[in-house]
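Shown next, in structure tokens, is the structure this report addresses.
Note that the structure is predicted; figures quoted are calculated from it, not measured.
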Amino acid sequence: MEKGSDIVSAKVIGIKKQKFICETESKEILVIKRPLKLKSDKIFTQIMFDILQNELWIPVNRKLRRFIKYDWLDISVKQFAF
């Protein structure tokens, strides 16, 4: 990622109630609040625990302290059909 960019790679290093503690590649700690729309979503919670356990890097907006809603995984396979 570009240095100074608002979009950075981070891994979840902790989960506390409605907050996710993330660490960027440059060792910056970001506390990201759970999105309000996903407050009671059990699947989202399980996914975040899986990401924590497997130490996966995910895109986050450093300035807004939010997870990126759309990324390369969100694109429908049909769009790549020839």
Side-chain angles (χ1 to χ4, degrees):
M1 299 277 167
E2 180 182 318
K3 191 171 184 169
S5 174
D6 290 338
I7 308 301
V8 296
S9 294
K11 65 179 177 178
V12 178
I13 59 171
I15 299 175
K16 297 205 178 206
K17 293 190 179 185
Q18 301 298 321
K19 297 180 182 177
F20 302 95
I21 298 105
C22 300
E23 180 181 25
T24 67
E25 292 174 306
S26 62
K27 306 296 183 200
E28 177 182 0
I29 300 297
L30 303 173
V31 177
I32 300 175
K33 292 181 184 177
R34 177 188 296 264
L36 292 176
K37 292 181 181 180
L38 302 173
K39 192 170 186 176
S40 61
D41 188 336
K42 292 181 182 183
I43 294 173
F44 176 77
T45 303
Q46 184 58 50
I47 289 170
M48 294 310 292
F49 275 110
D50 290 344
I51 288 172
L52 169 66
Q53 182 179 3
N54 292 293
E55 300 181 357
L56 298 176
W57 293 87
I58 56 176
V60 298
N61 187 313
R62 179 188 331 162
K63 186 175 182 180
L64 298 177
R65 309 257 186 214
R66 293 185 182 167
F67 296 114
I68 302 299
K69 184 175 181 179
Y70 302 103
D71 65 354
W72 63 274
L73 293 174
D74 192 47
I75 298 172
S76 172
V77 175
K78 292 180 183 179
Q79 292 179 351
F80 292 112
F82 294 102

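- Looking only at side-chain heavy atoms (C-beta outward), I58 and V12 come within less than 4.5 Å of each other.
- Put simply, M48 and V60 are part of the same group of oily side chains (I, L, V, M, F, W, Y) that touch within less than 4.5 Å, one to the next.
- Each side chain to side chain donor-acceptor pair (under 3.5 Å) pair with one or both residues in residues 10-20, not counting sequence neighbours, appears once here: Q18-R34.
- Applying the salt bridge (charged side-chain N to carboxylate O under 4.0 Å, His left out) test to E28 and every residue at least two apart in sequence or in another chain returns R62.
- Shown here for I7 and N61, the closest heavy-atom pair between the two residues is CD1-ND2, 3.8 Å.
- Residues I13 and I29 form a side-chain contact, since some pair of their non-hydrogen atoms from C-beta on lies under 4.5 Å apart.
- Residues I32 and L64 do not share a hydrophobic cluster, clusters being chains of Ile/Leu/Val/Met/Phe/Trp/Tyr side chains in contact below 4.5 Å.
- Residues L36 and L38 do not share a hydrophobic cluster, clusters being chains of Ile/Leu/Val/Met/Phe/Trp/Tyr side chains in contact below 4.5 Å.
- Here I21 contributes atom CD1 and L52 contributes atom CG; the two are 9.5 Å apart, rounded to the nearest 0.5 Å.
- Among residues at least two apart or in separate chains, ring pair (Phe, Tyr, Trp, His ring centres under 6.0 Å) pairs with a member in residues 9-53 are F20-F44, F20-F67.
- The stretch residues 36-49 participates, sequence neighbours left out, in no salt bridge (charged side-chain N to carboxylate O under 4.0 Å, His left out) pair at all.
- Legend: residues meeting side-chain hydrogen bond (donor to acceptor under 3.5 Å, both in side chains) with E55, ordered by chain and number and at least two apart, are absent.
- With sequence neighbours left out, D50 forms a side-chain hydrogen bond (donor to acceptor under 3.5 Å, both in side chains) with Q46.
- The local environment of CZ in R65 is crowded, with over 12 non-hydrogen atoms from other residues, nucleotides or ligands closer than 6.0 Å.
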